[in-house]
Amino acid sequence: MRQGTPCEPGYFLPEEAHQQLQSLCHYLHLLAELSQPEHTNPDALILPRAGLAHCFTQLAEAADQIVATTTFRPG
């Protein structure tokens, strides 16, 4: 049996959700970079806490949606 076929047990993520997960990862890395202290990266854009909170809230909602599309197929 080929790996990744619907008959195998495990967690399965639709292709669109996988792409969303990759985007989520990209955004988290970007926020991590933007959140660095000024002395570490003085030319970076500084985001206020309220802005960061909004971004993290949006990313958490996106993660919730991705998890909701994940299915489990027992063996």
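Quick caveat: nothing in here was measured; it's all calculated off a predicted structure.
In the hydrophobic clustering, V67 connects to no other residue, as no ILVMFWY side-chain heavy atoms lie under 4.5 Å from its own.
Summarising the local packing, OH of Y11 is surrounded by 12 or fewer heavy atoms from other residues, nucleotides or ligands at distances under 6.0 Å. Summarising the local packing, CD of E61 is surrounded by more than 12 heavy atoms from other residues, nucleotides or ligands at distances under 6.0 Å.
At a threshold of 4.5 Å between non-hydrogen side-chain atoms, the residues L31 and F56 count as touching.
The two residues E8 and R73 make their nearest non-hydrogen contact at O-CB, 4.1 Å. Nearest heavy-atom pair, P9 versus P74, reported as atom, atom and distance to 0.1 Å: CB-C, 3.6 Å.
Remark: F12 CZ to T71 OG1 distance equals 7.0 Å, nearest 0.5 Å. Atom CG of L28 and atom OG of S23 lie 11.0 Å apart (nearest 0.5 Å). Interatomic distance, Q22 CD to Q19 CD, rounded to the nearest 0.5 Å: 7.0 Å. In this structure, D64 CG and L59 CG are separated by 11.0 Å, a value rounded to the nearest 0.5 Å. Rounding to the nearest 0.5 Å gives a distance of 11.0 Å between NE2 of H26 and CG of L24.
Listed by chain and number, the residues in a side chain to side chain contact (heavy atoms under 4.5 Å, CB included) with A17 are L13, P14, Q20, I66, T69 (sequence neighbours excluded).
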